[in-house]
Amino acid sequence: MIVTKDLTHKWFTLFAEKVIQEKEQLSEYDRIIGDGDHGMNMARGAQQLITLWQAVPPVHLSDVFKQAAMKWISGVGGASGPLYGTAFLEMAKAVGAKEELSNDELVTAVKAGFEGIKKRGKSDIGQKTMLDLWAPAVQDLEKDELTMATLQTALTKTNELKATKGRASFLGDRSINEVDPGAASSKLFFEALIEAGEFGGN
Amino acid sequence: MIVTKDLTHKWFTLFAEKVIQEKEQLSEYDRIIGDGDHGMNMARGAQQLITLWQAVPPVHLSDVFKQAAMKWISGVGGASGPLYGTAFLEMAKAVGAKEELSNDELVTAVKAGFEGIKKRGKSDIGQKTMLDLWAPAVQDLEKDELTMATLQTALTKTNELKATKGRASFLGDRSINEVDPGAASSKLFFEALIEAGEFGGN
Amino acid sequence: MVSHSKDIVKGINDLIQQVAPNVSITYAGGTVNGDIGTSFETVQQAIEENTCHQLFAFYDLGSAKMNLEMAAELSEKEIEILDVSFIEGVYCTAALFEMNADLTVVISELEQLMVK
Amino acid sequence: MVSHSKDIVKGINDLIQQVAPNVSITYAGGTVNGDIGTSFETVQQAIEENTCHQLFAFYDLGSAKMNLEMAAELSEKEIEILDVSFIEGVYCTAALFEMNADLTVVISELEQLMVK
Ligand SMILES: Nc1ncnc2c1ncn2[C@@H]1O[C@H](COP(=O)(O)OP(=O)(O)O)[C@@H](O)[C@H]1O
Ligand SMILES: Nc1ncnc2c1ncn2[C@@H]1O[C@H](COP(=O)(O)OP(=O)(O)O)[C@@H](O)[C@H]1O
Ligand SMILES: [Mg+2]
Ligand SMILES: [Mg+2]
Ligand SMILES: [Mg+2]
Ligand SMILES: [Mg+2]
């Protein structure tokens, strides 16, 4: 797949729309193993990004990532702010001045985002966080594909984990068999990429 | 010495007056190794006790201790509230219905107060607290005496200690060679007893 | 929760209401005049106003603990005073009680927060 | 100090002003609207408003730490973020700095308050 600025713009716009649409559901997940604000937090960033782009659409490919990063870092208010914010910022850095990404370059960028979350969160896969959605998504992308089935399986597996990072970690075993809100919003992020992109080696 | 209700009333009245008079000095000590409120805290209890007794003087010997306890527990607002409050309450309990105390009974009562502070503060002598004034005072009283020299020596020795209880304990070695405010107010407590009492086996 | 400041306990309460809206949480902060300090009476009130009979109690500094202990001794309720880090301990306990965790689980989590 | 609640940091500040009136203490609490949460911008402000170049930074919960780290990375100041119990750690540090204690002394005291 060739990733252009338009495709990326569409990807992040779809992500923002999905977040706003699923706001209640995301907060509901967070109500169970967190403080109930994940949907509200994410929707705040999403709405600000949409508003910005309605006024001034992104010009360069890296603007998409950079502007999303800024909205998440400034506007969100919960852990997901610095986490997604850092991910998007690292993606912007990986993209640099490029105006088009090959599939390999997309993988590099998404991996940079993944590493950004790890660094910011001092976390890793297996801890019932958004990382547990990002890791299998990266694996798929390496094969120039990304399927809903992969995302759904990843979320189901994440449910079974015990949280050891973030607020949910205070709950210990009680976090098992609950949906991690950040994993659920990351699923939306990659769903948006599926919808915006054209996978299958073309 | 025979301790009557009148002597005890005089003892506690003198104590309250001394506290009010030394309020600034006590707070100044506390400013150095604490939060600067010991004089204000103690003077609050002292003033309330004086006001109470101006309206209704204590009737029974144990009333003196009990009423002082109540004012310290309710009115003081710092650690010295529950500490002196518990001491006075334990003294009241030790006195019971007696209207006169022999020297031995006075010692028993003061020891009960000392034990009350230890229990409430989970503390012991050598930790740079009011206990380091109470312990030598008890020793003197056992010999039916109590001298200013004993109190002054006790305070000087307390200065040299490192605080391991209360706020000053956060300062570690920095608390050495400073005056413990609670030891200073306890010195006033026993000075008041010297002034109210008649020592020397009579 | 017992604190030297009315603002600290109000803030912690706001924070944990989000994670534990179904846990009975009461608190006392500051002196009766609202100054920095603690007050025996408001601690007693916080204990009695709580709808539970068995309470976990938390405090910021040692003098708050003394008032808490006195009030606990005079109360009919079963009160466990925890020498753990204040905000972190309260948060952890509230979150676990909201999930109906066993007492033993809560206690073993709190053991890792002992700092006093 | 970075907290999820504006009231918590206000209260802690009131508490430690009594013991450390000469230490430069700045804080950020809550979201920009005053709700429960943290805000990157107010954390940045608290860092820049502090009159010192070398800072010890404290936080209540993990997400506050993330904003703190981002702001620290972007600041010219030397910022040490401490994973210690929040109120107890801040109190102890402020009291020791007020007495001009050595950094090594402060750090060794704080090591006993590590809970995060
Ligand atoms: N240290 C971390 N590393 C990776 N992800 C984390 C970490 N801490 C939290 N998260 C993610 O953030 C989500 C919570 O986000 P949100 O509710 O917006 O923040 P908060 O917990 O501050 O209210 C969690 O579901 C989890 O996926
Ligand atoms: N655990 C304790 N045991 C005995 N005495 C104590 C203890 N903690 C504090 N004190 C005494 O209380 C004094 C401080 O009283 P005060 O300033 O009124 O309370 P606060 O420290 O709450 O402001 C100290 O100087 C010390 O003598
Ligand atoms: Mg949340
Ligand atoms: Mg939150
Ligand atoms: Mg004091
Ligand atoms: Mg005080």
Side-chain angles (χ1 to χ4, degrees), chain A residues 27 30-31 33-45 47-48 68-90 92-93 116-123 127-131 163-171 175 180-182 185, chain D residues 1-10 27-49 55 57-75 77 79-89 110 113-116:
Chain A
S27 285
D30 199 27
R31 218 159 278 136
I33 60 169
D35 58 347
D37 61 3
H38 187 61
M40 212 177 66
N41 289 343
M42 294 290 289
R44 206 152 35 212
Q47 188 53 59
Q48 288 181 16
M70 288 310 138
K71 294 306 179 195
W72 252 261
I73 289 171
S74 297
V76 168
S80 49
L83 289 167
Y84 278 102
T86 303
F88 300 158
L89 208 58
E90 294 300 324
K93 282 195 222 161
I117 298 173
K118 276 173 68 168
K119 181 194 75 170
R120 182 63 63 218
K122 312 240 184 312
S123 44
Q127 298 184 310
K128 197 183 183 93
T129 71
M130 41 181 80
L131 289 172
T164 57
K165 281 284 163 181
R167 285 169 187 275
S169 66
F170 283 100
L171 301 177
S175 64
D180 176 63
S185 62
Chain D
M1 304 189 283
V2 181
S3 167
H4 276 70
S5 153
K6 61 181 190 325
D7 296 311
I8 290 177
V9 273
K10 179 191 174 295
Y27 55 91
T31 66
V32 190
N33 317 326
D35 295 333
I36 295 293
T38 57
S39 136
F40 173 70
E41 275 80 9
T42 60
V43 175
Q44 265 193 325
Q45 248 175 43
I47 289 174
E48 299 314 322
E49 276 168 10
L55 305 180
F58 300 85
Y59 63 93
D60 54 3
L61 297 174
S63 46
K65 183 184 184 184
M66 293 182 204
N67 274 323
L68 196 44
E69 277 180 336
M70 273 204 301
E73 284 165 18
L74 292 172
S75 170
K77 300 191 175 190
I79 298 165
E80 183 84 39
I81 300 176
L82 294 138
D83 298 324
V84 298
S85 73
F86 187 38
I87 296 190
E88 297 82 355
L110 287 176
L113 297 178
M114 299 277 266
V115 293
K116 285 165 175 167

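Every chain is numbered from 1 and lettered A, B, ... according to where its sequence line falls, protein lines coming before strand lines. These numbers come from the heavy atoms of this one structure, side chains and all, not from hydrogens, waters or symmetry mates.
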*Portion of A/K122 that has a non-hydrogen atom of chain D nearer than 4.5 angstrom*: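 Just its side chain gets close to chain D.
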_Heavy-atom cut-off 4.5 Å, strictly under: side chain, backbone, both or neither for D/S39 against chain A?_
neither
_For chain D, which candidate among A/A79, A/G75, A/S80 shows the most heavy-atom pairs at distances under 4.5 Å?_
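When all of A/A79, A/G75, A/S80 are compared, A/A79 has the most.
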*Measuring from D/H4:NE2 to A/D37:CG, what's the distance to the nearest 0.5 Å?*
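With rounding to 0.5 Å, NE2 (D/H4) is 8.0 Å from CG (A/D37).
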*Pair D/E73 + A/R120: basic N to acidic O under 4.0 Å*: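 Yes, this pair counts.
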*Apply the side-chain contact (heavy atoms from CB on, under 4.5 Å) test between A/T86 and each candidate in D/E69, D/M66, D/M70; give the one that qualifies.*
D/M70
*Nearest heavy-atom pair of A/P82 and D/S63: which atoms, and what distance?*
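The pair with the smallest heavy-atom distance is CG-O, 4.5 Å.
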